[in-house]
Amino acid sequence: MNMVLPPPSSPSGLTPALMKLIDVLEEENAVLSQHRLFFHGSFTDRKNQALRELMAAQKSEALSLAAQKARPLLRHLERALHDNARLLKLHITAVGEISDIIIGSLRAAESDGTYSRSELSRGC
């Protein structure tokens, strides 16, 4: 899904920072879309680092000129962020539903005496 966009006409620190953030988001989106298991913390760390680089690039450049030249990348970033938010919400909802099922099963097991404290204390 990594879309290769031409760099702006002049070199910019904003462009590599935007591209790095887009790459991380698209990689995470692919993993989420494919329902693969992964350690989410690594994506969070990489997104945070990319955002720090993006903020540093914004401080070091004339923002309006840099943003004008990076407009295609900014539109691409907007789409990647929208997809990322949608996919993360789906996964959070799914985790909540699974948690509810587990909690319901544990409560049902407790209520029918399967795992009652008296059974456990007798060593059964």
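What you are looking at is a predicted structure, and each value in this text was computed from that prediction instead of being measured. Only this structure's heavy atoms are used, side chains among them; waters, hydrogens and symmetry mates stay out.
Counted by atom type alone, Asn29 and Asn84 present one or more donor-acceptor pairs between their side chains at under 3.5 Å. For the residue pair Arg46/Gln49, the side-chain donor-acceptor check at 3.5 Å is not satisfied.
Looking at every heavy atom in both residues, Glu26 comes nearest to Ala80 through CG-CB, 4.5 Å. Ala50 approaches Lys20 most closely through the heavy-atom pair CB-CG, 4.1 Å.
Taking CG of Leu87 as the reference point, atom NE2 of His82 lies at 9.5 Å (rounded to 0.5 Å). Rounded to the nearest 0.5 Å, atoms CZ (Arg86) and NE2 (His91) are 9.5 Å apart. Expressed to the nearest 0.5 Å, how far CG of Leu14 lies from CG of Leu73 amounts to 8.0 Å. Distance check, rounded to the nearest 0.5 Å: CG of Leu77 to CG of Leu54 gives 7.5 Å. With values rounded to the nearest 0.5 angstrom, Ile102 atom CD1 is found 12.5 Å from Arg107 atom CZ.
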For residues 34-42, tabulate all N or O donor-acceptor pairs below 3.5 Å that involve a side-chain atom, not counting sequence neighbours.
residue : atom : partner : partner atom : Å
Gln34   : OE1  : Arg36   : NH1          : 2.4
His40   : ND1  : Glu28   : OE2          : 3.2
His40   : NE2  : Thr44   : OG1          : 3.3
Ser42   : OG   : Phe39   : O            : 3.0

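No side-chain donor-acceptor contact under 3.5 Å links His76 to the backbone of Ile22.
Both Leu18 and Leu81 are part of a single hydrophobic cluster, where members link through side-chain heavy atoms under 4.5 Å apart.
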Between Leu32 and Leu90, is the side-chain contact (heavy atoms from CB on, under 4.5 Å) condition met? List the steps.
CA-CA 9 Å; Leu32 290 167; Leu90 284 171; over 6 Å; no
Go through Val31 and Phe43 one step at a time and tell me if the side-chain contact (heavy atoms from CB on, under 4.5 Å) criterion holds.
CA-CA 10 Å; Val31 169; Phe43 282 109; 4.1 Å; yes
